[in-house]
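Input: a single structure, listed below in structure tokens.
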Amino acid sequence: MIVIAMIIVGINVWYSNFMVRDIKQAERLKLERWSETIKQRAQLVNYAHKLYQDLKEEENKKMEIFADALQRMLGNNEYEDYTFISKIIKQNTTIPVIILYSDSSIHTTRNLNLGFEPDLKNPEHQKLIRELVRTKYTKYEPFIMYLDLAPNINKNTEKLILYYNDSRIFTELQNNLGSLIASFEEDIRNNDLLAPVIYTDQNRRDVITFGNIDSSLIDTPEKIKERIAFMISENEPIEVDLGNGSVNFIFYENSKIITQLRYYPLIQLAIIGAFIMVTYFLFSSFRRAEQNQVWAGLSKETAHQLGTPLSSLMAWVEHLEAQGIDPEIIKELNKDLLRLNVITDRFSKIGSQPELDPALIVDELKEAVQYLRTRISKRIEFDLIIEARENIEVQINKPLFSWVIENLVKNAVDAMRGEGKLMLTVSENETQVFIDVSDTGHGMSLAYQKLIFQPGFTTKKRGWGLGLSLAKRIINDYHKGKIFVKYSEPGKGCTFRIALEKSGIVIDPSTENIG
């Protein structure tokens with residue numbers, strides 16, 4: 001597969017270089033055409049902006065004339081030509097106007113575009129008009145018009161206040177200009193050439209928008225400056241004059257297609273290699289997942305099956321106790337029932353993440369030995385050797401950990417065929433505590449040592465081959481420790497070792513010492 005991959009890569013390198021030359025020439029031509037298109041769009045935006053400014057100034061002038069004409073009419077000057085002034089006032093058919101008295105009562109309105117003609121005597125309409133003055137007619141300074149035009153005007157003279165807003169045409173033009181600018185920026189950001197683009201203000205520091213470039217590459221001023229310098233080295237920036245006295249800039253570089261084509265063969269080789277590796281690891285993962293499902297399903301089903309007879313036995317014990325049976329017999333029965341409860345709890349925990357609690361490991365081992373000593377053959381010498389401090393604390397799940405110890409002890413008893421010496425030794429180093437289970441049984445070959453932790457492997461006629469597999473799962477997966485064969489030789493016995501981290505100690509897996 002590697003040889004085939006190399007041949008494919010060689011062919012692709014040759015063909016990619018050929019394609020790169022043609023694409024680079026075509027891309028340069030497209031970039032030049034895109035640059036001209038952007039300049040034309042910028043001119044259109046500039047023209048629209050100037051039109052917007054001219055209309056704004058024109059409407060402001062109209063309002064000044066309107067206010068002046070109204071002021072003259074209100075002045076009651078007998079020499080004034082009111083026909084011309086009235087004509088000026090009536091010509092305002094677009095600019096919304098609200099005129100209030102000094103006490104905020106409404107004098108008149110014009111061009112409000114409410115969808116109906118307001119009735120100035122209606123309290124609801126009056127409330128609506130005052131709310132418009134307060135919320136929407138604040139953009140421009142109002143005009144003050146005095147009813148008395150005498151030269152000496154005192155503070156008590158009655159006056160009118162004229163509020164006005166942008167006309168509907170002006171507002172639509174403003175919205176269209178905003179849409180045009182947004183569309184212009186969108187065209188810059190999403191160009192058909194897939195070229196990385198940065199659009200900045202006149203200082204070339206603040207980014208207005210960007211396209212086809214990872215934001216993490218321009219998330220600091222230093223990165224922006226560096227990226228812009230690189231773009232300038234490839235293409236001259238495009239100046240964008242929007243008519244507001246400043247000139248923005250568009251910086252762009254060649255598209256990523258050429259770069260991608262150059263590195264495509266190497267990427268292809270990497271993908272092929274990764275595909276081979278991922279396929280292997282997926283196969284291994286599926287196999288492990290299948291084993292985990294078997295373990296979890298078998299354990300939970302066992303716990304479920306034990307539940308019914310266990311409940312029945314508890315009821316029978318209570319019945320026997322009520323019949324006056326010997327208390328010692330009842331006591332022993334309760335011990336076995338308690339043990340069955342522990343076993344059921346162990347099986348129910350397989351397949352889910354159990355809780356770990358701090359425990360003194362030496363005390364836990366003493367308790368396990370005390371229980372097992374009375375349940376193994378008297379011809380087996382069973383010793384607990386403590387070579388570590390008594391107060392060593394580790395994080396364990398007590399029911400599952402004691403299950404592992406029982407499994408190792410029972411396997412050792414079976415290996416010795418009911419007669420020999422069994423030793424359980426506790427030792428430590430700076431970061432770990434070790435539990436060694438040694439026997440004088442028949443031992444095992446190196447080939448067996450590689451298989452004993454696999455599900456289904458057993459040398460017993462009636463065994464399922466799950467004991468050591470579950471023990472490894474409990475120690476390695478649940479307790480983040482290690483379990484392995486420390487020593488074994490056919491005819492001379494075997495030693496299993498469990499290595500656990502001490503509480504509060506974190507060890508580097510690359511340098512961990514497991515003895």
Side-chain angles (χ1 to χ4, degrees), residues 288 292 295-296 299 339 342-343 345-373 376 382-413 421-439 449-450 452-454 466-488 493-515:
R288 286 195 297 269
N292 291 340
W295 291 342
S299 299
R339 188 63 185 170
V342 172
I343 293 171
D345 183 56
R346 288 171 176 173
F347 277 112
S348 67
K349 285 182 169 60
I350 298 298
S352 58
Q353 190 65 33
E355 294 183 1
L356 304 181
D357 300 309
L360 297 177
I361 191 65
V362 174
D363 291 346
E364 295 297 322
L365 292 172
K366 286 181 179 179
E367 183 179 338
V369 169
Q370 183 180 1
Y371 172 79
L372 293 169
R373 197 186 296 275
I376 62 176
F382 192 4
D383 292 330
L384 174 62
I385 302 171
I386 308 297
E387 298 178 352
R389 293 174 291 112
E390 294 278 345
N391 61 344
I392 300 175
E393 188 178 84
V394 295
Q395 295 284 337
I396 62 172
N397 181 278
K398 294 182 181 181
L400 292 182
F401 180 75
S402 62
W403 191 8
V404 173
I405 298 299
E406 289 177 23
N407 268 330
L408 293 179
V409 170
K410 289 179 181 178
N411 281 341
V413 171
K421 184 175 183 180
L422 192 154
M423 293 180 294
L424 199 153
T425 306
V426 184
S427 58
E428 65 173 318
N429 64 13
E430 291 182 359
T431 59
Q432 294 175 291
V433 59
F434 307 111
I435 301 101
D436 294 338
V437 180
S438 305
D439 63 67
Q449 293 179 35
K450 296 179 179 179
I452 56 172
F453 290 108
Q454 293 184 7
L466 292 178
L468 288 175
S469 297
L470 290 172
K472 183 176 181 180
R473 180 184 179 89
I474 291 169
I475 297 299
N476 289 21
D477 296 347
Y478 296 161
H479 291 79
K480 307 306 178 185
K482 295 286 184 181
I483 182 171
F484 56 96
V485 179
K486 180 183 179 184
Y487 165 81
S488 184
C494 179
T495 298
F496 283 86
R497 166 162 283 193
I498 298 173
L500 298 173
E501 297 178 12
K502 296 179 181 178
S503 293
I505 302 295
V506 179
I507 51 179
D508 185 354
S510 62
T511 59
E512 67 178 358
N513 177 15
I514 57 176

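Hydrogens, waters and symmetry mates are skipped; everything else that's a heavy atom, side chains included, is used. All residue numbers refer to positions in the sequence shown, counting from 1.
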Worksheet item: Is there a side chain to side chain contact (heavy atoms under 4.5 Å, CB included) between I475 and F401 once you walk through the steps?
Response: CA-CA 8 Å; I475 297 299; F401 180 75; 4.3 Å; yes
Response to the item:
With sequence neighbours left out, the residues meeting side chain to side chain donor-acceptor pair (under 3.5 Å) with R373 are none
Worksheet item: Rounded to the nearest 0.5 Å, what separation is found between the CG atom of L365 and the CD1 atom of I385?
Response: 12.5 Å
Response to the item:
Heavy-atom closest pair (I483 atom, V404 atom, distance to 0.1 Å) is CD1-CG1, 4.3 Å
Worksheet item: Is there side-chain contact between I361 and K502, with at least one heavy-atom pair below 4.5 Å?
Response: no
Discussion item. Has H479 got a side-chain atom pairing as donor or acceptor with Q395's backbone, closer than 3.5 angstrom?
Written reply: no
Response to the item:
dist L400:CG -> K398:NZ (nearest 0.5 Å) comes out at 13.0 Å
Fill in: Closest non-hydrogen atom pair between V437 and L408, with its separation
CG2-CD1, 4.0 Å
Fill in: Qualifying residues under salt bridge (charged side-chain N to carboxylate O under 4.0 Å, His left out), relative to K366, sequence neighbours excluded
E390
Worksheet item: Is any side-chain heavy atom of F496 closer than 4.5 Å to a side-chain heavy atom of V485?
Response: yes
Discussion item. So L470 and W403, do their side chains get closer than 4.5 Å, heavy atoms only?
Written reply: yes
Worksheet item: Can you find a heavy atom in the side chain of L372 that is under 4.5 Å from one in the side chain of F382?
Response: yes
Item to complete: Please check if atom CD in E387 has more than 12 non-hydrogen atoms from other residues, nucleotides or ligands closer than 6.0 Å.
Response: yes
Fill in: Which residues share a side chain to side chain donor-acceptor pair (under 3.5 Å) with D357, sequence neighbours left out
none
Worksheet item: So do I498 and I405 actually touch side chain to side chain, heavy atoms under 4.5 Å?
Response: yes
Worksheet item: For T495, which residues count as a side chain to side chain donor-acceptor pair (under 3.5 Å) partner, sequence neighbours excluded?
Response: S438
Fill in: Presence of salt bridge, E428 and R389, under 4.0 angstrom
yes
Item to complete: With sequence neighbours excluded, tell me which residues meet side chain to side chain donor-acceptor pair (under 3.5 Å) with Y487.
Response: E489
Discussion item. Tell me if a side-chain donor or acceptor on D439 pairs with a main-chain N or O of L422 at a distance below 3.5 Å.
Written reply: no
Worksheet item: Which atom pair, heavy atoms only, marks the closest approach of N476 to G481?
Response: OD1-O, 3.3 Å
Worksheet entry | L384 CG to I435 CD1 distance, which is reported to the nearest 0.5 Å | 10.5 Å
Item to complete: Would you check if L468 and N407 make a side-chain contact, meaning some heavy-atom pair closer than 4.5 Å?
Response: no
Fill in: Set of side chain to side chain contact (heavy atoms under 4.5 Å, CB included) partners for K450, sequence neighbours left out
L446
Practice prompt. Taking all non-hydrogen atoms of both residues into account, name the closest pair between A499 and Q432 and its distance.
Written response: CB-NE2, 4.0 Å
Fill in: Spacing of CG belonging to D436 relative to CZ belonging to R497, to within rounding of 0.5 Å
4.0 Å
Practice prompt. Please determine which of V426, L500, N429 meets the side-chain contact (heavy atoms from CB on, under 4.5 Å) test together with F434.
Written response: N429
